[in-house]
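Letters go in sequence order (proteins before strands), and every chain restarts at 1.
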Protein chains: 2
Amino acid sequence: MAAPSNRPETRVERKERTRRAILDAALTLCEDSSLVALSLRQVAKEVGIVPTAFYRHFESLQDLGLALVEESFVSLHAVLREVRRSDPTFEQNIDTSVETLLDHVERHHAHFLFITRERLAGPPAVRAAIKREIDLAERELATDLEWLVTSMGASPWSPDDWKALSNLFVRAMVSTVEAVLVAGGDTRAQQEVAERTRTQLRLVLVGALNWESRPAEPALRASEA
Amino acid sequence: MAAPSNRPETRVERKERTRRAILDAALTLCEDSSLVALSLRQVAKEVGIVPTAFYRHFESLQDLGLALVEESFVSLHAVLREVRRSDPTFEQNIDTSVETLLDHVERHHAHFLFITRERLAGPPAVRAAIKREIDLAERELATDLEWLVTSMGASPWSPDDWKALSNLFVRAMVSTVEAVLVAGGDTRAQQEVAERTRTQLRLVLVGALNWESRPAEPALRASEA
DNA sequence: GTTTCGGGTGCACATGTGTGCACCGTCGCG
DNA sequence: CGCGACGGTGCACACATGTGCACCCGAAAC
């Protein structure tokens, strides 16, 4: 609702505007179904254009899906970058990371719902694109974790263990986002999810700091006592 | 392909047979799409019956979905029960549990693919049914974990921490099943997933055994050294 | 043996769907 | 100024889809 400057829109502005409208319409419709159950005509009707006009912007629904994936992840990567350059004190890092993530999920609710669903149920190309992005985030996290954990005086780890750990964190994030989304608007439930996630991350952290790569006898400190 | 006894089928036998055929057909079609993108006529064609005959067995596709959920989870619950009554030595338990689970996933590939997809993308009622089953499994696991962990001399935990731990394990299971399924028939990748999962579970276990509920200063043993 | 019941058929209908084609009006370049 | 490119329209077609209805016929109940 910016000031409605009555200057007639330029051509590219107009095109970008309906492109956005299409993306938003698809996102809206995907809130209670999946891309694979969506029809070109539905989107067109939602946007308020004639079906064939859709092709002026995307080759197919799958193409639209890919655009939505990209769009969703630029915002997510921004968040991850923000989390990454925050205070490297691990404990605080967990709390603020969870908070930041959930805040972002709430603000970009539709995007995350889309990614969460299409990750497993979308058209093959869309699934592949999402997997690529997540794998990327996982690799980036792996180097960060190595940096953080070794700075806290743990034993040297094998590369596989680094992968396993970052994968564990990423899975936790994915699962948490899922949980928040199915909680819907129930803020009470969301709080519980957040608190539980914090506990879990701390628990994993405790495990990591007491970890030794490929122990012949596993490092079970508590049982030594 | 059992011995084709030429005795004419009884009425209920016949009915049960086409009901099974419908379930199997739907499961097959769901291998590369989702329930919400499935049409009554497709299933009917796959089964080899006329569309309207479908209604003699199910009220709707969603109804069919609920039946498939139930069917999928009876076999899964059997596995969980088997894992649960195995050797309570924790280390071995992890290895055999992962092995048993993945073995089962391979054998009931279509069922797990179905659950994995519909869990987030299916019709609302189907999603709800799957969530109910998973939550049930989580609660059952929580009591088992309490039994196992306390028998290994860890500090007393708060109820929330038990929930968090079992939730963490269940999420790990779900994620692992996902990973195995997207790996497709690539047994090399499956082996990697299995190994990584074992590592992760061991890591969580180490964390659990060094855990103290709600520590004012978190129990970071490594940093004390 | 006769009747009833119920799984399966065939047909019909209104509606939804992807997409080709000709067209139109206007913005923007020459 | 004029013309071409291009976003958007309207129409058409050949399907696919859910579902109602009358019907059929073989097993089961009597």
Side-chain angles (χ1 to χ4, degrees), chain A residues 4-26 28-68 118 121-126, chain B residues 4-26 28-30 32-68 121-126:
Chain A
S5 73
N6 277 358
R7 163 180 63 86
E9 286 177 313
T10 164
R11 201 105 127 183
V12 300
E13 280 175 346
R14 171 76 185 163
K15 173 153 188 178
E16 181 55 27
R17 206 168 65 97
T18 75
R19 185 190 145 95
R20 264 254 56 82
I22 293 178
L23 289 169
D24 290 345
T28 301
L29 291 176
C30 275
E31 284 193 30
D32 37 30
S33 192
S34 158
L35 238 195
V36 294
L38 211 61
S39 81
L40 201 156
R41 283 176 121 101
Q42 281 177 53
V43 211
K45 180 174 293 185
E46 176 87 9
V47 178
I49 59 177
V50 87
T52 48
F54 175 90
Y55 292 113
R56 304 287 187 199
H57 302 271
F58 301 96
E59 267 199 349
S60 64
L61 278 181
Q62 174 182 293
D63 212 39
L64 205 185
L66 292 177
L68 284 175
E118 307 307 327
V126 173
Chain B
S5 71
N6 277 359
R7 163 180 61 87
E9 286 176 313
T10 164
R11 201 106 127 186
V12 300
E13 280 174 347
R14 172 79 184 161
K15 173 154 189 179
E16 181 54 28
R17 205 168 65 98
T18 77
R19 185 190 145 95
R20 265 252 58 81
I22 293 178
L23 289 169
D24 291 344
T28 301
L29 292 176
C30 277
D32 37 29
S33 192
S34 156
L35 238 195
V36 293
L38 210 61
S39 80
L40 202 155
R41 282 176 121 102
Q42 281 177 53
V43 245
K45 180 174 291 187
E46 175 87 8
V47 177
I49 59 177
V50 87
T52 47
F54 175 91
Y55 293 112
R56 305 286 186 198
H57 301 272
F58 301 96
E59 267 199 350
S60 64
L61 277 182
Q62 174 183 294
D63 212 39
L64 205 185
L66 292 178
L68 283 175
V126 171

Presence of donor-acceptor pair under 3.5 Å, side chain of B:Arg56 and base of C:dG8: yes
Atom pairs, protein N/O to nucleotides 10-13 of chain D N/O, distance under 3.5 Å:
residue	atom	partner	partner atom	Å
D:dG10	O6	A:Thr52	OG1	3.2

Please report the distance, rounded to the nearest Å, between CD1 in B:Ile49 and P in C:dG7. 12 Å
From CD of A:Glu59 over to P of C:dG20, roughly how many Å is that when rounded to an integer? 11 Å
Between A:Gly65 and A:Leu35, the two heavy atoms sitting closest are CA-CD1, 3.5 Å
With a cut-off of 3.5 Å and sequence neighbours excluded, list every side-chain donor-acceptor pair involving residues 46-62 of chain B.
residue	atom	partner	partner atom	Å
B:His57	NE2	B:Thr18	OG1	3.0
B:Ser60	OG	B:Gln62	N	3.4
B:Ser60	OG	B:Asp63	N	3.2

What heavy-atom pair brings B:Ala125 and B:Leu66 nearest, and what distance separates the two atoms? O-CD2, 3.7 Å
Note: B:Val36 and B:Ala121 closest approach over all heavy atoms is CG1-O, 3.6 Å
Can you measure A:Tyr55 atom OH to C:dA22 atom P for me and round it to whole angstrom units? 17 Å
Contact list (N/O, under 3.5 angstrom) for nucleotides 28-30 of chain D vs protein:
residue	atom	partner	partner atom	Å
D:dA28	OP1	B:Thr10	OG1	2.7
D:dA28	OP1	B:Arg11	N	3.0

At less than 4.0 Å, is any side-chain N or O atom of A:Ser39 found next to OP1 or OP2 of C:dT17? Yes or no. yes
What is the separation between atom CZ on B:Arg17 and atom P on D:dA27, rounded to the nearest whole Å? 13 Å
Bending between helix ends of the helix from C:dG1-D:dC30 to C:dG30-D:dC1 [5 pairs per end, 10° resolution]: 10°
With DNA chain D as reference, determine whether A:Arg14 or B:Lys45 sits nearer its 5' end, using the nearest nucleotide of each. A:Arg14
Between B:Leu29 (CG) and D:dT17 (P), how many Å, whole number? 11 Å
What pairs meet the salt bridge (Lys or Arg N to Asp or Glu O under 4.0 Å) rule with one or both residues in residues 16-26 of chain A, with sequence neighbours excluded? A:Glu9-A:Arg17, A:Arg20-A:Asp24, A:Arg20-A:Glu71
What is the distance, rounded to the nearest whole Å, between atom CG of B:Leu64 and atom P of D:dG18? 12 Å
May I ask you to evaluate whether B:Gln42 reaches the phosphate of D:dT17, defined as a side-chain N or O under 4.0 Å from OP1 or OP2? yes
What is the distance, to the nearest angstrom, from the NZ atom on B:Lys15 to the C1' atom on D:dC25? 17 Å
Residue pairs involving residues 32-41 of chain B (criterion side-chain hydrogen bond (donor to acceptor under 3.5 Å, both in side chains); sequence neighbours excluded): B:Ser34-B:Glu118, B:Ser39-B:Gln42
A:Ile22 CD1 - D:dG7 P separation (whole Å): 11 Å
List the atom of B:Ala67, the atom of B:Leu23, and the distance in Å for their closest heavy-atom pair. CB-CD2, 4.1 Å
For the student: nearest non-hydrogen atoms of B:Val43 and B:Ile22, plus distance: CG1-O, 4.4 Å
